[in-house]
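Before any comments, here is the structure.
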There are 2 protein chains.
Amino acid sequence: MEMTLKRRETMHRLCGKGLEIFNEKGYYNTSLDDILQELSLSKGAFYHHFKSKEDYFINIVQNLIVQKVYALLIEPLDTNENPLPVIVESLENALEPGKKNEMAYGFMLNDFLTEFNKRNEEISGYLKNILSVWEVNLVAVLKRGKVDGHIARHVDCEGAATYIIASYLGMRSLMTDSTNRQLKYQYIQQLKQYFKSISATHALA
Amino acid sequence: MEMTLKRRETMHRLCGKGLEIFNEKGYYNTSLDDILQELSLSKGAFYHHFKSKEDYFINIVQNLIVQKVYALLIEPLDTNENPLPVIVESLENALEPGKKNEMAYGFMLNDFLTEFNKRNEEISGYLKNILSVWEVNLVAVLKRGKVDGHIARHVDCEGAATYIIASYLGMRSLMTDSTNRQLKYQYIQQLKQYFKSISATHALA
DNA sequence: AATTTGACCGACCCATAAGTCGGTTATTTT
DNA sequence: AAAATAACCGACTTATGGGTCGGTCAAATT
């Protein structure tokens with residue numbers, strides 16, 4: 001039992017630091033030694049816990065990344081209010097660089113997706129799966145918005161969800177340095193504009 | 001003279017095939033030998049013409065990619081019509097996978113930007129520069145649209161341009177296999193919806 | 001206390017890929 | 001035709017980085 005705790009703790013430290021550095025420098029541009037050095041661990045330690053770099057990253061995806069996406073982008077959708085402002089708020093939040101020197105989690109998806117799309121089908125599959133869950137939830141919440149009279153009846157909820165996701169992912173390519181407040185502000189403003197056009201409120205510029 | 005021609009022809013072949021394969025597999029995931037083999041050329045030939053892989057890619061960016069972006073995304077904006085349908089058409093066109101087995105040029109920017117953002121500041125600078133030219137032109141054309149009465153006066157043209165670019169770039173992460181007609185259709189539909197909301201036409205669902 | 005097992009160490013192996021260099025071949029110049 | 005130069009060849013060097021393996025040490029089991 002006690003040994004299992006030690007194991008879990010080390011694995012946890014590895015995953016946390018790994019996500020941090022992969023996110024910062026990219027997966028293929030980060031060597032295991034880069035991570036190991038920061039944690040003062042050895043190759044031997046690493047391979048005692050993970051069977052490969054790939055296995056390691058899958059672990060990170062399925063624990064840390066999934067969790068973050070849920071917390072930031074999916075769970076906030078679970079309310080009974082008008083979905084549009086709720087979506088805006090979740091995106092605004094997800095684009096926020098972490099408080100102190102945390103990561104800007106909202107940014108990871110586009111980067112990792114792009115990196116793995118052409119290189120590793122398995123990992124890219126897991127990542128696309130996360131997106132797909134997000135999409136399903138967006139669609140559901142948009143449809144409910146229709147029923148509740150917040151969203152115009154003519155709206156294609158699947159299309160709207162796709163559009164929301166695309167614009168969110170695309171922001172990453174533009175916001176290079178995390179301090180880019182201006183871009184985020186512009187994005188949120190235009191998103192609201194778009195939302196106005198699909199909402200059911202009876203006209204009013 | 002004749003030698004210069006030979007040189008230029010070989011460099012041209014190298015750049016063309018290079019872009020094709022880099023676009024397909026990613027820059028860092030493509031070895032020079034991958035390209036050289038397809039052209040039946042040797043390392044020696046390559047380094048006779050380019051001083052490094054980086055130099056080679058910069059060549060590709062500044063010739064081929066710049067040219068394609070201009071042709072697909074910037075030059076079409078140069079009309080006196082209502083800019084919004086013109087923008088829609090250019091994006092629709094840029095997302096179109098090349099006719100026979102050409103490349104889907106519209107896709108390159110997000111991939112390369114993401115790849116180089118964390119790895120090579122110089123190249124990422126060139127790429128961001130291309131985006132920036134596109135943005136400037138979008139803003140200009142949107143502002144003209146305002147003057148000409150096609151776009152509502154309250155619209156923030158810089159914000160709208162950012163939003164258009166972000167959504168376009170983001171589509172790449174979603175459209176993995178090039179045959180994804182559905183996603184493209186959804187995207188264009190929602191873009192039109194958004195455009196309706198910033199246009200000056202006096203209401204009409 | 002003796003033994004086993006889990007956590008960890010770090011030198012080593014090996015594949016990959018960028019870049020080098022001393023050549024050969026083809027083309028141009030004189 | 002001879003000399004010079006450009007285009008090209010491919011074995012080699014070198015650095016990097018994932019993965020291996022025989023070991024050490026400490027904790028847990030007996």
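Lettering of chains follows the sequences in order, A, B, ..., and the numbering in each one begins at 1.
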Length of the line joining Leu39(A):CG and dA7(C):P, which is rounded to integer Å: 17 Å

Presence of salt bridge, Glu81(B) and Arg144(B), under 4.0 angstrom: no

Carboxylate-amine/guanidinium contact Lys6(B) Glu9(B), below 4.0 Å: no

Can you check whether [X] has a side-chain N or O nearer than 4.0 Å to OP1 or OP2 of [N]?
X: Thr10(A); N: dC8(C); result: yes
X: His49(A); N: dC8(C); result: yes
X: Ser52(B); N: dA18(C); result: no
X: Arg7(A); N: dG6(C); result: no

No-H, no-angle donor-acceptor pair, Lys43(A) side chain to dG19(D) base, under 3.5 Å: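 Answer yes: a donor N or O sits under 3.5 Å from an acceptor.
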
Check: Met108(A) main-chain N/O paired with Asp111(A) side-chain donor or acceptor under 3.5 Å: no

Nearest-nucleotide 5' precedence on DNA chain D, Gly44(A) against Asp33(A):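 Counting from the 5' end, the first nearest nucleotide belongs to Asp33(A).
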
Position toward the 5' end of DNA chain D (nearest nucleotide), Asn29(A) or Lys51(A):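 It is Asn29(A) whose nearest nucleotide is closer to the 5' end.
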
Contact nearer the 5' end of DNA chain C, comparing Lys53(B) with Ser40(A): Ser40(A)

Where the side chain of [X] is concerned, which of [options] is the nearest nucleotide?
X: Ser31(B); options: dC9(C), dA17(C), dA7(C); value: dA17(C)
X: Ala45(B); options: dC8(C), dC8(D), dA18(C); value: dC8(D)
X: Leu32(B); options: dC8(C), dC8(D), dA18(C); value: dA18(C)

More than 12 heavy atoms from other groups under 6.0 Å of CD on Gln62(B):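 Count over threshold, so yes.
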
